[in-house]
Amino acid sequence: MKTTIQNIGQFVGQEVWIEGWLWNKRSSGKIQFLQLRDGSGFIQGVVVKAEVTNQVFELCSTLTQESSVRVKGNVRADDRAPSGFELTVTDVQLVSLAKEYPITPKEHGVDFLLDHRHLWIRSPRQRAILKIRSEIIKAMRNFLDENGFVQVDPPILTPSSCEGTTNLFHTKYFDEDAFLTQSGQLYMEAAAMALGRVYSFGPTFRAEKSKTRRHLIEFWMIEPEIAYCTHAENMAIQEAFVQHIVRHILDNCKLELKTIERDLAPLENVIAGPFPRITYDDAVKLLQEKGHDIPWGEDFGAPHETELVQHFERPVFVEKFPSKIKAFYMQPDPERPEVVLGADLLAPEGYGEIIGGSQRIHDPELLEQRFKEHQLDVAYEWYMDLRRYGTVPHSGFGIGLERTIAWICGLDHVRETIPFPRLLNRLYP
RNA sequence: UCCUCGAUAGCUCAGCGGUAGAGCAUCCGGCUGUUAACCGGAGGGUCGUAGGUUCGAACCCUACUCGAGGAGCCA
């Protein structure tokens with residue numbers, strides 16, 4: 001009978017085969033402990049010399065780290081095992097004897113590990129993070145699908161930038177210039193006018209020379225866009241969305257959270273109540289009271305965000321930023337036209353902005369005026385069309401997948417949240 | 001782009017002007033409950049590159065290359 005380590009608890013008292021790899025081994029003369037993994041989980045195989053053939057015992061003593069093996073054994077519940085189960089080995093088949101494995105059980109530097117990322121992802125910690133990544137994506141899709149959103153895929157090759165500010169990756173589209181997308185938002189606005197509630201899920205590229213623990217050159221974003229939706233409704237959706245994700249991970253990734261030693265208390269608090277909201281005005285006042293030298297009208301830097309977040313136990317919405325420091329498409333507040341109906345969601349524990357969202361300008365004249373102010377070119381004719389033909393108030397947001405993962409996992413760098421991170425000066429492996 | 005720090009064995013690091021070191025990994029030997037197992041032994045180096053100072057440089061100086069952390073920008 002063949003099974004996976006994940007399901008091995010169903011076979012207590014029975015003899016099963018598992019197919020996997022040896023990730024570490026300890027031996028003691030007449031007993032050997034094989035640390036086995038098969039992708040679905042980890043289990044220890046105990047090889048007792050008196051209980052197997054000499055051939056099997058000898059084979060085990062020659063096994064190297066990361067050799068691939070098929071192992072037969074009796075499943076036992078054992079309190080000494082981290083997963084609760086152990087395998088008393090009865091037979092072993094060698095699939096391939098691994099050469100000297102570079103990633104030893106000792107500590108390694110970041111550069112070395114990133115050079116060996118294709119092997120690093122085999123380690124228990126990295127496996128747990130990638131598993132949580134998959135579950136976060138699943139939770140996001142579940143929430144959106146259950147709330148009437150339709151997935152729409154925007155293009156990756158685009159004729160120009162969406163927001164104008166950041167540096168884009170340039171490429172050629174036959175004889176034309178083209179750029180890798182930095183956001184699918186403008187296309188999602190078109191899609192929302194066709195399908196009501198939509199979301200995109202795809203990669204995003206920023207050619208910024210950013211070199212911090214919060215930045216990747218290539219990262220994934222989820223960008224929901226909703227027709228007939230106000231700024232307030234937009235924030236309510238974001239709050240429910242983030243709480244759904246955290247709840248899903250707490251319910252479904254207990255073993256993985258334990259593997260990465262995540263403190264669960266801050267996560268449990270995220271789902272215990274509503275997210276606080278603070279206006280940009282009040283945020284500036286708070287920062288000034290705390291001794292920060294920031295005038296009204298200036299955007300927050302990393303130290304400002306860190307300070308702000310310390311005053312709240314849950315993710316906090318900072319809303320109504322000055323329109324001058326925000327994107328051209330954001331709807332002005334009718335009561336105070338110098339600020340916009342938009343909000344950033346700042347994650348707790350210093351993870352920074354994970355969501356940026358806003359109500360979009362739906363008035364054609366105002367949008368035309370913003371185009372002129374920002375000196376945007378005619379490539380946006382189609383975007384103006386959305387206001388010419390049945391324009392409606394609408395809102396949306398973008399959530400950065402890797403920052404969300406880093407926050408939920410409690411990691412100190414986003415590079416561990418993606419299988420093969422693209423970083424400044426790192427395109428390998 | 002700017003600021004700070006770093007580069008010595010396959011890996012992680014110590015050595016900071018006078019014969020190149022340790023732990024892990026590898027190989028050999030020992031051990032029936034190990035959890036980064038442990039104990040004994042062996043092999044393993046153009047000290048990032050190029051100059052300079054010095055009787056003598058891994059060590060001091062200069063430049064360059066690569067990397068890390070942070071800033072700006074952002075998700």
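Order of the sequence lines sets the chain letters (A, B, ...), proteins ahead of strands, with each chain counted from 1.
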Integer angstrom distance from the P of B:U46 to that of B:G21: 15 Å
What is the separation between atom CD on A:Gln185 and atom C1' on B:A75, rounded to the nearest whole Å? 13 Å
Would you call the rings of A:Tyr383 and A:Phe371 parallel, tilted or perpendicular if under 30° counts as parallel and over 60° as perpendicular? parallel
Side chains of A:Leu308 and A:Val316 in contact at under 4.5 Å (non-hydrogen atoms): no
Using the rule given for salt bridge (charged side-chain N to carboxylate O under 4.0 Å, His left out), can you reason through A:Glu239 versus A:Arg277, listing the C-alpha separation, both sets of side-chain angles and the distance that settles it, and then say yes or no? CA-CA 11 Å; A:Glu239 180 179 296; A:Arg277 281 140 212 236; 3.2 Å; yes
Over 60° means perpendicular and under 30° means parallel, so classify the ring planes of A:Phe169 and A:Phe205, tilted if in between. perpendicular
To the nearest Å, give me how far apart CG (A:Leu424) and P (B:G69) are. 11 Å
Summary of protein contacts for nucleotides 24-31 of chain B, nucleotide by nucleotide, where a base hit scores B, a sugar-phosphate-only hit scores S (4.0 Å, heavy atoms): SSS----B
Report each atom pair, protein N/O against N/O of nucleotides 12-16 of chain B, whose distance is under 3.5 angstrom.
residue: B:U12; atom: OP1; partner: A:Gly109; partner atom: N; Å: 3.0
residue: B:U12; atom: O4'; partner: A:Glu107; partner atom: O; Å: 3.3
residue: B:U12; atom: O2'; partner: A:Glu107; partner atom: OE2; Å: 2.9

Applying the 3.5 Å cut-off to both distances, the Watson-Crick or G-U partner of B:U62 turns out to be B:A50
With rounding to whole Å, what would you report as the distance between B:U62 and B:U54 at their C1' atoms? 16 Å
Taking any strand in view, what nucleotide pairs with B:A36 in a Watson-Crick or G-U wobble way, both distances under 3.5 Å? none
When rounded to whole Å, the CD to C1' distance for the pair A:Gln44 and B:U34 reads 7 Å
Closest to side chain of A:Asp78, choosing from B:U1, B:A75, B:G33: B:G33
Could you give the CG-to-P distance, from A:Leu119 to B:G10, as a whole number of Å? 18 Å
With a 4.0 Å limit, can you tell me whether A:Lys211 has a side-chain N or O closer than that to the phosphate oxygens OP1/OP2 of B:A68? yes
Say we look at B:C27 and B:U53: how far apart would their C1' atoms be, to the nearest angstrom? 44 Å
Side-chain N or O of A:Arg214 less than 4.0 angstrom from OP1 or OP2 on B:A71? yes
Contact class for A:Leu216 vs. all strands (heavy atom < 4.0 Å): base, sugar-phosphate, or nothing? base
Interatomic distance at P, B:A71 relative to B:G43, whole Å: 49 Å
Aromatic plane relationship, A:Phe328 with A:Tyr380 - under 30° parallel, 30 to 60° tilted, over 60° perpendicular: perpendicular
List in numerical order all residues of residues 48-59 of chain A for which some heavy atom is under 4.0 Å away from an atom belonging to RNA chain B. A:Val48, A:Ala50
Figure out the NE2/P separation between A:His304 and B:G72, and round it to whole Å. 8 Å
Are any of the side-chain nitrogens in A:Lys285 or A:Glu289 under 4.0 Å away from the carboxylate oxygens of its partner? no
Taking for A:Ala81 and for A:Gly356 the nucleotide of RNA chain B with the nearest heavy atom, the one nearer the 5' end belongs to A:Ala81
Answer with yes or no after comparing the ring centroid distance for A:Trp17 and A:Phe11 against a 6.0 Å cut-off, counting only values under it. no
Under 4.0 Å between a side-chain nitrogen and a carboxylate oxygen: does that hold for A:Glu402 and A:Arg415? no
Say we look at B:C13 and B:C73: how far apart would their C1' atoms be, to the nearest angstrom? 36 Å
The test is salt bridge (charged side-chain N to carboxylate O under 4.0 Å, His left out); show your working for A:Glu349 and A:Arg262 and say whether it passes. CA-CA 12 Å; A:Glu349 302 167 78; A:Arg262 176 58 159 125; 3.0 Å; yes
Side-chain N or O of A:Arg415 closer than 4.0 Å to phosphate OP1/OP2 of B:G69: yes
So what does A:Gly301 touch, heavy atoms closer than 4.0 Å: a base, only the sugar-phosphate, or nothing? sugar-phosphate
Taking the nucleotide of RNA chain B with the nearest heavy atom to each, does A:Ile355 or A:Arg76 sit closer to the 5' end? A:Arg76
What integer number of Å spans the C1' atoms of B:G15 and B:A57? 14 Å
So what does A:Glu86 hit on the nucleic acid, given a heavy-atom distance under 4.0 Å: a base, only sugar-phosphate, or nothing? base
Is there a Watson-Crick or G-U wobble partner for B:U19 with both distances under 3.5 Å, and if so, which one is it? none
Complementary nucleotide for B:C27 - Watson-Crick or wobble, under 3.5 Å: B:G41
P atom, B:G41 versus B:A25: distance in rounded Å? 16 Å
According to the Watson-Crick and G-U wobble definitions, with both distances under 3.5 Å, which nucleotide is paired to B:A9? none
Side chain to side chain, A:Ile325 and A:Glu298, heavy atoms closer than 4.5 Å: no
So, under a plain 3.5 Å distance rule, would you say the side chain of A:Arg426 forms a donor-acceptor pair with the base of B:C66? no
Without decimals, in angstroms, what is the distance between A:Glu402 CD and B:C74 P? 19 Å
Nearest-0.5 Å distance that lies between atom NZ in A:Lys25 and atom SG in A:Cys60: 7.5 Å
Quick one: does A:Gln185's side chain get under 4.5 Å of A:Tyr329's, heavy atoms only? yes
Tell me which nucleotide, if any, is Watson-Crick or G-U wobble paired with B:U4 when both distances must be under 3.5 Å. B:A68
To the nearest angstrom, how far is A:Ile43 atom CD1 from B:G33 atom P? 20 Å
Would one find a side-chain N or O of A:His413 under 4.0 angstrom from OP1 or OP2 of B:G69? yes
Select one nucleotide: of B:G72, B:A68, B:C74, the one nearest the side-chain heavy atoms of A:Ser210. B:G72
Please tell me if the side chains of A:Pro124 and A:Trp23 come closer than 4.5 Å, counting only heavy atoms from C-beta onward. yes
Side-chain heavy-atom pair A:Val48, A:Lys30 within 4.5 angstrom cut-off: no
Between A:Tyr428 and A:His118, what is the ring plane arrangement, given parallel below 30°, perpendicular above 60°, and tilted in between? perpendicular
Take atom CG of A:Leu423 and atom C1' of B:C66, then tell me their distance rounded to the nearest Å. 15 Å
Please state the C1' separation for the pair B:G56 and B:C2 - nearest whole angstrom. 39 Å
